[in-house]
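Have a look at the structure below, then the notes.
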There are 2 protein chains.
Amino acid sequence: MGTPNTTRRRGVRPVDKFDARRDQLAESALKTLGELGYARASLREIANNSAFSHGVVHYYFEDKLDLVIHSVRYYKARCVTRYDSVVADSATAGDLLDAFGAKLAQTIRDEAPMHRLWYDLRAQSMFEEGLRDAVTMIDKTLEEMIWRVVSRYAQLEGRPAALEPSVAYAMLDGLFQQALLAHAGGSPVAEGVLVAQVRTVMPLMLAPAAA
Amino acid sequence: MGTPNTTRRRGVRPVDKFDARRDQLAESALKTLGELGYARASLREIANNSAFSHGVVHYYFEDKLDLVIHSVRYYKARCVTRYDSVVADSATAGDLLDAFGAKLAQTIRDEAPMHRLWYDLRAQSMFEEGLRDAVTMIDKTLEEMIWRVVSRYAQLEGRPAALEPSVAYAMLDGLFQQALLAHAGGSPVAEGVLVAQVRTVMPLMLAPAAA
DNA sequence: GGATTATCTTGACAGTCGTCAAGACAGTGG
DNA sequence: CCACTGTCTTGACGACTGTCAAGATAATCC
């Protein structure tokens, strides 16, 4: 038997070969989790959708929670930069709204499974203590991601934002969630509706324009 | 063996004795579901928290989904009138905001398990086709419930609402969900924060006051 | 009261789950 | 070449799941 799972630390031989496998398993886990959700995605099914067998999971992870948390952290680390180009490349407030809307629509279209998994886990965290810390942390980084967009929008518009970051995030997240729900229900116009809604709501987040 | 479960129809003997037991089981199911969530609440555990044994569930319900859907429908039918007194009893816009905030805070405090269950089921509906119709329908009635508050608020304020019902609902639902998350995480101020946030956001939903 | 129905309990079924341990295999260092 | 360590597979365990069927109990009707 080799050394146990996550108690393994750098400094021993293969250094990051270990972490690379963890990420590889995380990738496969995300595929299955996005398909089936947290509760129905068994470790056997996750392993089946990978190059390995079901026993290997416990070689790289403490337990199912450890795998799931690592997986969603792994995903959100990439996902959190999704809107940075919107902030960087927009020269006017109108540009920003267009780019933001386009990215939101694309997210609904292309990454629906990942996001329904996120909402699943966030709800589970209210039941499962072990998920709470990771979820809270990720939610905070999402809030900061959204705030970069909103504050840049305020800057381009020349008016200060009138809402706190947490409020802006909660509102946009609510809209996004409804759109995802509609998309999951088969609505082909969910993304378009979301874009229009965001265009309506974003101006309300800034201090009123001087008359 | 008696007649099967839900294929039973009125017109036979006990008429509503059957439905009464269904509601009684739903009540017990809600207790367990609110405690454990959808995935971990087994039929045996639900029956244990009731006056009956685990086999009786299949006498009154087709399967687990049937029980869960009936339970959450049963709850939301009551819950959906929760804010009607806010609408009916408020004489001014300020009164309404106070009453609305107080009810929201009370809901977070007293009915947190029911609402985390609701968010759990709504997320599950994106994975489980069988939940989708019931969830969509309930979500619509919640939207209408919120809209009664918002439109009454607009009326008292003398300004028309500037948002569609779906947008108003999504925004407030997003705020409520964040508050519930914080409450579940142990924050003792979650309700108070929510009240303040709602006070900030509600005016933004109306057309700007004339200068 | 007896017969018939409705209701409820008990016990079992076929699966699935997370977890773990024993051993196979590969690669490396001596 | 041997020993050793890291990696992975296989098979098993106990527990739990939704579902169902057979029989006990209670209620109802003739």
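Owing to the predicted nature of the structure, the values given are computational and were not obtained by experimental measurement. Chain naming here is simple, since letters A, B, ... match the order of the sequence lines and numbering starts at 1 in each.
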>> Could you tell me how far apart A:R40 (CZ) and D:dT17 (P) are, to the nearest whole angstrom?
In response: 15 Å
> Atom CD of B:E45 and atom C1' of D:dC16: how far apart are they, to the nearest Å?
Replying inline: 12 Å
> For B:L65 and D:dT17, what is the distance between atoms CG and P respectively, to the nearest whole Å?
Replying inline: 16 Å
> Over how many whole Å does the gap from A:L25 atom CG to D:dT7 atom P extend?
Replying inline: 12 Å
> Please give, in whole Å, the distance from C:dC20 P to A:K64 NZ?
Replying inline: 15 Å
>> Just to verify, what does A:R122 make a salt bridge (charged side-chain N to carboxylate O under 4.0 Å, His left out) with, not counting sequence neighbours?
In response: A:D139, A:D173
>> Counting the atoms with a prime plus P, OP1 and OP2 as sugar-phosphate, which does B:S53 contact under 4.0 Å by heavy atoms, base, sugar-phosphate, or nothing?
In response: base
> Among C:dC8, C:dG18, D:dC8, which nucleotide sits nearest the side chain of A:V56?
Replying inline: D:dC8
>> Looking only at the side chain of A:D63 (C-beta and beyond, no hydrogens), which of the listed nucleotides C:dC8, C:dT19, D:dT9 gets closest?
In response: C:dT19
> Roughly how far, to the nearest 0.5 Å, is CE of B:M145 from OH of B:Y169?
Replying inline: 7.0 Å
> salt bridge (charged side-chain N to carboxylate O under 4.0 Å, His left out): which pairs involve residues 97-113 of chain A, sequence neighbours left out?
Replying inline: A:R82-A:E111, A:D98-A:R199, A:R109-A:E191
> Between D:dG18, D:dC8, C:dC20, which nucleotide gets closest to the side-chain atoms of B:S42?
Replying inline: D:dG18
>> Could you tell me how far apart B:R21 (CZ) and D:dA26 (P) are, to the nearest whole angstrom?
In response: 14 Å
>> Measure CZ/A:F52 against C1'/D:dT7 and give the value in whole Å, please.
In response: 9 Å
> What's the closest nucleotide to the B:Y59 side chain, out of D:dG6, C:dC8, C:dG18?
Replying inline: C:dC8
> With A:F176, which residues qualify under ring pair (Phe, Tyr, Trp, His ring centres under 6.0 Å), at least two apart?
Replying inline: A:H115
>> Can you confirm whether B:R73 is buried at CZ, in the sense that more than 12 heavy atoms of other residues, nucleotides or ligands lie under 6.0 Å from that atom?
In response: yes
> Partners of A:Y83 by ring pair (Phe, Tyr, Trp, His ring centres under 6.0 Å), sequence neighbours excluded?
Replying inline: A:F100
> D:dC16 C1' sits how many Å from B:I46 CD1, rounded?
Replying inline: 14 Å
> Listed by chain and number, what are the salt bridge (charged side-chain N to carboxylate O under 4.0 Å, His left out) partners of B:D133, not counting sequence neighbours?
Replying inline: none
Scan nucleotides 12-14 of chain C against the protein and return all N/O pairs shorter than 3.5 Å with their distances rounded to 0.1 Å.
{"from": "C:dA12", "atom 1": "N6", "to": "B:R44", "atom 2": "NH2", "distance (Å)": "2.6"}

